[in-house]
Amino acid sequence: MLVDCHVHVGARDRWIPEGLRLADQLAAPEVREVLAGGGPTGDRLLAYLDSQGVDVAVAIPSGREPVQEYALDEAVGTDRILPFVQYDPRSAPDASRRFAAAIDAGARGLKVHPMSHQLPANDRSLYPLFAIAEERRIPVMVHVGSSVFPGAKMRFCDPLLVDEVAADFPDLQVLCAHSGRGFWTQQVFELTRMRGNVWMELSGLPARRIAALFPELDRVGDRVLFGSDWPSSPAISRLAKEFRGLPFSEELTENVLWRNACRLFGLKPPTTTDAK
């Protein structure tokens, strides 16, 4: 089984322009076909996931609008896509109400992208959303890592801001997207080790570097998630194959590739014969 915990979705006109340009530069022809339409990727995305051996994918918004709920459209008619929603409460005063309604409509998580909105994770405008997520047992994913986008201000992505959230909401599961890629990989590892409600998500990190960056990954092996950052990434199947080739135990490898995600999102694990 394979669960990709970081797949970007949305019609092209919703994307951050820099992100769309990067995807167009890096994507293979078949990926550009998935992104070519003007609406939800829908069946095109599911067909691509099938081709990559991905059983379930977490669908992440790709834009800068203060309200981003369109990932919900990607999950219509399927339980293989887990939609996340995103809000900037400073520009969307009804964000709390909308978030609660989105959960009722099938949202499986909240995304916080500090650089896009220049909104740090510990900003108090986000706290009502975190309270809802904690109460409803919905995880929150925070971008914690560098960015090549022009104008990105890295200070908003400092993992110490996530630490404050994890301390203030001890029952909230907080996912560190990109695991501190660039400046903060060691800080994210230590934060995950010390805070039982913090998780590492590995998207955007070259698989060949993960063992060197996190030689003691087994110490937090029950809270590490595989992610691709698709479509601005190599093929998902290639990333999974490269991760399987790393010098980690089989137990840790399978935890990262699917078991931890099944536990986090309440997914039905496969039978023993179907697990790989």
Side-chain angles (χ1 to χ4, degrees), residues 5-20 23 38-42 57-76 81-145 147 149-159 161-169 171-178 201 203 229 265:
C5 289
H6 203 114
V7 169
H8 287 280
V9 298
R12 291 177 65 90
D13 60 359
R14 292 186 180 273
W15 281 57
I16 296 173
E18 302 95 315
L20 186 59
T41 53
V58 171
I60 303 296
S62 306
R64 285 197 177 106
E65 299 99 327
V67 174
Q68 297 182 67
E69 298 173 333
Y70 46 84
L72 292 168
D73 298 333
E74 305 287 345
V76 173
I81 295 178
L82 309 181
F84 275 45
V85 292
Q86 183 170 310
Y87 305 93
D88 180 351
R90 300 167 303 179
S91 301
D94 62 342
S96 294
R97 179 190 61 78
R98 296 194 64 129
F99 181 37
I103 296 172
D104 292 338
R108 303 297 298 275
L110 174 69
K111 175 70 184 297
V112 177
H113 201 273
M115 290 182 306
S116 295
H117 295 137
Q118 296 189 7
L119 178 66
N122 66 342
D123 192 280
R124 292 310 188 263
S125 71
L126 289 165
Y127 270 40
L129 301 180
F130 296 156
I132 292 170
E134 184 178 49
E135 179 183 0
R136 302 287 293 271
R137 299 187 179 277
I138 295 291
V140 171
M141 179 184 290
V142 182
H143 178 109
V144 183
S147 172
F149 291 174
K153 296 181 179 178
M154 308 301 171
R155 67 184 179 90
F156 292 104
C157 299
D158 190 322
L161 307 177
V162 174
D163 176 62
E164 188 171 338
V165 174
D168 289 343
F169 296 91
D171 294 323
L172 176 66
Q173 304 306 304
V174 186
L175 319 182
C176 291
H178 314 305
E201 186 265 293
S203 67
D229 207 14
F265 293 107

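- For E135, the CD atom counts as loosely surrounded, since its 6.0 Å shell holds 12 or fewer non-hydrogen atoms of other residues, nucleotides or ligands.
- Across every non-hydrogen atom of V7 and A57, the tightest pair is CG2-CB, 3.9 Å.
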Apply side chain to side chain contact (heavy atoms under 4.5 Å, CB included) to H178 and V144, showing your working. CA-CA 6 Å; H178 314 305; V144 183; over 6 Å; no

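- Inspection of the Q86 and H113 side chains reveals no N or O donor paired with an N or O acceptor under 3.5 Å.
- Although no hydrogens or angles enter the test, the distance criterion places no donor-acceptor pair under 3.5 Å between the side chain of E74 and the main chain of P83.
- Nearest approach of L161 to F156, heavy atoms of both residues: CD1-O, 3.6 Å.
- Although no hydrogens or angles enter the test, the distance criterion places no donor-acceptor pair under 3.5 Å between the side chain of Q173 and the main chain of P139.
- Closest non-hydrogen pair, A59 versus A71, comes out as O-CB, 3.8 Å.
- A 4.5 Å side-chain heavy-atom check between H6 and V58 finds every atom pair outside the cut-off.
- Here the closest heavy-atom approach between residue L119 and residue S125 is recorded as CD1-OG, 3.8 Å.
- Rounded to the nearest 0.5 angstrom, Y87 OH and L110 CG are separated by 7.5 Å.
- How far CD1 of I132 is from CZ of R98: 13.0 Å, rounded to the nearest 0.5 Å.
- Within the model, atoms CG of L129 and CD1 of I138 stand 12.5 Å from one another, a figure rounded to the nearest 0.5 Å.
- In this structure, the side chain of R124 engages the main chain of N122 through a donor-acceptor pair within 3.5 Å.
- Looking at V142 and C176, their side chains never come closer than 4.5 Å, going by heavy atoms from C-beta outward.
- Using a distance-only test at 3.5 Å, with no hydrogens or angles considered, a donor-acceptor pair links the side chain of Y70 to the main chain of S62.
- Between the side chain of R136 and the backbone N or O of I103, no donor-acceptor pair lies under 3.5 Å.
- With rounding to the nearest 0.5 angstrom, the OG atom of S91 is 13.5 Å from the CZ atom of R64.
- Residues P120 and P114 share a closest heavy-atom pair of CA-CB, 4.4 Å.
- For the atom pair L126 CG and S96 OG, the distance stands at 9.5 Å (nearest 0.5 Å).
- The minimum heavy-atom distance between A107 and L72, with the atom names listed, is N-CD2, 3.5 Å.
- Residue D171 holds its CG atom at 7.0 Å from CZ of R137, rounded to the nearest 0.5 Å.
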